[in-house]
Amino acid sequence: MPKQNDVTAEGESKEIANTLQNKLAESMMGVFELVVSDRSGHFAKHPDEIPDKKSVSSIIVSYSRTNAAISGGAGLVPGPWGMVAVIPEIAAVIRNQLAMIYDVGMAYGKSKVLTKELLAGVLITALGTSAGSLLIMQGSKVLVKRVALRAFQKIIAMLAGKVLQQALKSAIGKWLPVVGAAALAVWSNYLTQQVGKKAIEIFEKEIVLSEEVIEEMPVETESV
């Protein structure tokens with residue numbers, strides 16, 4: 001039989017994981033639509049700032065450095081519950097990654113297909129998870145599905161779990177605040193660069209938006 005202390009520790013670990021995932025998913029609700037609205041509005045007002053393919057590398061480097069600075073300044077507190085305090089910083093990193101995806105898409109002339117589903121699909125694939133629920137690769141084409149709110153909420157929950165899983169691997173075990181924040185900064189910089197590379201890979205293809213709206217889809221939530 002497992003010892004009482006082990007059972008208690010396991011229970012606390014699950015509680016922390018659920019709390020982290022729920023808080024991050026809550027922070028991510030509405031962010032995808034907000035980024036699309038914000039960036040499209042910005043480029044509509046400032047067409048002279050629309051990037052070209054030559055500037056893609058500098059776009060990725062800029063966002064990566066910004067996200068590393070955000071994570072590096074995170075106020076981690078000792079102990080596993082300390083990660084709860086940095087959920088706003090992780091949410092900010094994700095928002096910047098979505099803005100970066102949008103900007104890279106603009107550089108590739110994809111302004112008419114930059115939907116919240118496409119941004120989410122790029123982010124999901126960059127995290128090493130199948131985006132089959134959102135993107136279907138068809139040779140040189142990418143079919144982007146449209147999903148209803150309830151289905152998209154499930155996707156956000158899965159994304160939150162996947163992001164936290166990677167963040168925790170980088171920071172947990174390094175509970176000293178300074179070391180933990182430094183580890184998060186390295187992770188944030190690396191992940192943002194990976195997201196940028198995946199965006200390039202996808203935007204080099206022809207993007208086609210599906211006309212059908214999917215109301216429900218099976219999405220496995222990612223446990224932290």
Which distance, rounded to the nearest 0.5 Å, do you find between the [atom1] of [X] and the [atom2] of [Y]?
X	Y	atom1	atom2	result
Leu143	Glu212	CG	CD	9.5 Å
Ile156	Lys116	CD1	NZ	9.0 Å
Gln165	Gln21	CD	CD	9.5 Å
Leu114	Leu98	CG	CG	11.5 Å
Glu89	Leu184	CD	CG	9.0 Å
Glu206	Gln138	CD	CD	10.0 Å

Beyond-backbone contact of [X] with [Y], side-chain heavy atoms, under 4.5 angstrom:
X	Y	answer
Lys141	Lys205	no
Ile124	Met158	yes
Val36	Thr115	no
Ile90	Ile70	no
Ile94	Met28	yes
Leu159	Leu127	yes
Val122	Val104	no

Flag yes if [X] and [Y] sit in one hydrophobic cluster, no otherwise; membership is Ile, Leu, Val, Met, Phe, Trp, Tyr, and two members link when side-chain heavy atoms are under 4.5 Å apart.
X	Y	result
Val186	Tyr63	no
Met137	Tyr108	yes
Tyr190	Leu123	no
Ile101	Val61	no

Can you tell me if [X] uses its side chain to pair, donor with acceptor, with the backbone of [Y] under 3.5 Å?
X	Y	value
Asn189	Ala185	no
Ser64	Ile60	yes
Ser55	Ser58	no
Glu117	Val147	yes

Closest approach of [X] and [Y], non-hydrogen atoms and distance?
X	Y	result
Met106	Ser111	SD-CB, 3.5 Å
Ala157	Ala25	CA-CB, 4.3 Å
Ser27	Val31	O-CG2, 3.3 Å
Leu34	Arg95	CD2-NH1, 3.5 Å
Pro51	Ile59	CB-CD1, 3.7 Å
Val144	Leu135	CG2-CD2, 3.8 Å

**Item:** Candidate pair Leu118 and Val113, rule side-chain contact (heavy atoms from CB on, under 4.5 Å), full reasoning
**Value:** CA-CA 8 Å; Leu118 178 54; Val113 295; 4.2 Å; yes

**Prompt:** Are the charged groups of Glu201 and Lys198 less than 4.0 angstrom apart, N to O?
**Reply:**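 Result for this pair is yes, salt bridge flagged.
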
**Request:** Fit a plane to each ring of Tyr102 and Phe43, take the angle between them on a 0 to 90° scale, and name the class: parallel (under 30°), tilted (30 to 60°) or perpendicular (over 60°).
**Result:**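 Correct class here is parallel.
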
**Asked** Is the NZ atom of Lys110 crowded by more than 12 outside heavy atoms at less than 6.0 Å?
**Response**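 Enclosed.
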
**Asked** Should the heavy atoms of other residues, nucleotides or ligands under 6.0 Å from CD of Glu26 be counted, would the total exceed 12?
**Response**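 No - once you tally the heavy atoms of other residues, nucleotides and ligands closer than 6.0 Å, there are 12 at most.
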
**Asked** Picking from Arg65, Gln97, Lys197, what satisfies side chain to side chain donor-acceptor pair (under 3.5 Å) with Thr192?
**Response**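 Between Thr192 and the candidates, side chain to side chain donor-acceptor pair (under 3.5 Å) is satisfied uniquely by Gln97.
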
